[in-house]
Amino acid sequence: MTRQPSSWQQTIEGEWHGLPSIFDADGNHVGYNKVFRSSVFDRESGKTTYYMNTHLQDTTGPLAARFEVSDIFAFGVIDSDRDRIYLGPDFIGAGHPYGMLVDAHYYSPGWTADLRTMVHILPDMHTQVYSSLLYDGPKICAVFNGIYKVAYDYHDNLETRARIDTFCEAERVNGPKPHILPSKKSGAWDGEVIVYGADQQQLGVNHVHIDYRPIDLLRAEMVVSLRGVFEKTYRFNRYRNGNRHFFEGPDVFGNSFGYGRALYTSQHFYGEALKIRGREFLIDDRFTLSVVWQVYCSDRMQYTIFGVLHWNEQ
């Protein structure tokens with residue numbers, strides 16, 4: 001048993017507070033889950049334990065009874081920067097760090113759900129963009145997503161508590177907002193994203209430029225240019241119908257589904273055994289995006305790419 005915490009464990013020290021929104025399988029907002037959680041490394045024993053305090057708020061329908069709990073979640077973790085193995089009793093499975101991103105797949109006996117969770121730590125190191133897809137077998141039964149902020153003295157410092165509580169109240173307003181891009185304004189997203197290989201080793205960075213031109217209120221033309229480790233330029237028309245989004249060629253075809261601010265995408269390149277599965281999360285009203293793209297070649301994951309893209313109107 002190692003007596004040194006992994007890099008990921010050191011990155012997530014502190015207590016993370018949020019008010020993730022809860023969505024049903026059709027993308028309808030049905031409530032909130034007030035959460036504070038921490039991953040605690042004991043230097044004496046070398047053991048890591050994950051604690052999560054949850055309390056549903058304003059949650060309606062059958063998901064309320066399924067996801068409310070009476071006790072704090074707690075489970076042991078075998079900690080490393082390759083695999084964080086969850087030992088139960090509350091979560092069983094593993095998470096896989098890629099620098100400032102963790103991609104986890106595990107089972108919750110209490111929620112009787114299989115979860116796919118992504119957490120992206122933003123460059124300020126104080127903010128996490130979080131989402132969990134919850135499954136019954138292959139079928140999504142619910143989705144949790146939202147933004148978290150870290151605190152180190154929430155329970156003892158009134159100023160910290162006021163700051164975090166104000167943030168969580170803002171999440172109450174922002175959490176249900178749908179993933180809708182500009183309908184009349186042209187512009188572009190730009191940013192640097194980190195590129196990891198399937199072996200979880202950083203390969204370098206990519207510069208991303210996405211040109212965006214509305215065609216009408218529901219359609220837009222997009223050109224994505226990636227420069228760096230993964231070189232690619234591709235064009236597609238994008239169409240939105242409610243919280244369903246479609247990519248209609250000529251270079252990329254596919255679809256996506258929105259749960260609040262988070263859009264889960266599947267894109268297939270014409271004439272190639274190449275696809276991108278992603279999560280694109282609108283962080284604020286300025287159309288800032290947290291993106292996570294996983295690139296598959298011949299149905300094997302080749303790259304995990306993530307970062308923040310900033311919108312500029314043109």
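A quick note: this is a predicted structure, and the numbers were derived from the prediction, not measured. Atoms considered below: every heavy atom in the structure, side chains included; atoms not considered: hydrogens, waters and symmetry mates.
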Could you tabulate the donor-acceptor pairs under 3.5 Å formed by side-chain atoms of residues 305-314, not counting sequence neighbours?
from, atom 1, to, atom 2, distance (Å)
Gln314, OE1, Arg213, NH2, 2.8

Heavy-atom donor-acceptor pair, Asn237 side chain to Gly249 backbone, under 3.5 Å: no
Does the side chain of Asp103 come within less than 4.5 Å of Thr304's, by heavy atoms? no
I would like to know whether Thr48 and Arg84 meet side chain to side chain donor-acceptor pair (under 3.5 Å); could you show each step before the answer? CA-CA 10 Å; Thr48 299; Arg84 283 171 58 86; 5.5 Å; no
Any donor-acceptor pair under 3.5 Å linking the side-chain atoms of Ser186 with those of Tyr212? no
Has the side chain of Tyr135 got a donor or acceptor atom that lies under 3.5 Å from a matching backbone atom of Ala113? no
Given Ile276, Val295, Asp251, the one that forms side-chain contact (heavy atoms from CB on, under 4.5 Å) with Gln267: Ile276
Look only at the side chain of Arg163 and the backbone of Asp165, and say whether a donor-acceptor pair between them is shorter than 3.5 Å. no
Is the cationic atom of Arg37 (NZ for Lys, CZ for Arg) positioned less than 6.0 Å from the six-membered ring centroid of Tyr148 and within 45 degrees of its normal? yes
Can a donor-acceptor pair be found, under 3.5 Å and without considering hydrogens, that links the side chain of Arg66 to the backbone of Trp111? yes
Between Phe67, Phe23, Tyr32, which is the residue that forms a ring pair (Phe, Tyr, Trp, His ring centres under 6.0 Å) with Phe144? Phe67
Find out whether the Lys NZ or Arg CZ of Arg244 is both under 6.0 angstrom from the six-membered ring centre of Phe257 and within 45° of the ring's axis. no
Under 3.5 Å donor-acceptor, Ser225 side chain and Thr233 backbone: no
Does NZ or CZ of Arg261 lie under 6.0 Å from the centre of the six-membered ring of Phe281, at an angle within 45° of the ring axis? no
Check whether Asn33 reaches the backbone of Pro20 with its side chain - one donor and one acceptor, N or O, closer than 3.5 Å. no
Checking Glu171 side chain against Ile147 main chain: does a donor-acceptor pair fall under 3.5 Å? yes
Contact check, side chains of Gln294 and Met118, non-hydrogen atoms, under 4.5 Å: yes
Side chain Asp81, main chain Ser7, donor-acceptor under 3.5 Å: yes
For Phe73 and Tyr51: C-alpha separation, side-chain torsions, deciding distance, then whether ring-ring contact (aromatic ring centres under 6.0 Å, His included) applies. CA-CA 6 Å; Phe73 286 100; Tyr51 301 96; over 10 Å; no
Checking Phe247 against Thr265 for the side-chain contact (heavy atoms from CB on, under 4.5 Å) test, could you report, in this order, the C-alpha distance in whole Å, the side-chain angles of both residues, the deciding distance, and whether it holds? CA-CA 9 Å; Phe247 311 113; Thr265 66; 4.2 Å; yes
Salt bridge Asp136-Lys139, side-chain N to carboxylate O under 4.0 Å: no
Which pair of non-hydrogen atoms, one from Ser80 and one from Pro97, has the smallest distance, and what is that distance? O-CG, 4.0 Å
Quick check against the 3.5 Å criterion: does Asn157 have a side-chain atom that pairs as donor or acceptor with the backbone of Asp153? no
Under 3.5 Å, side chain of Asp284 to main-chain N/O of Thr288, donor-acceptor pair present? yes
Should the pair His155 and His17 be assigned to parallel (<30°), tilted (30 to 60°) or perpendicular (>60°) ring geometry? tilted
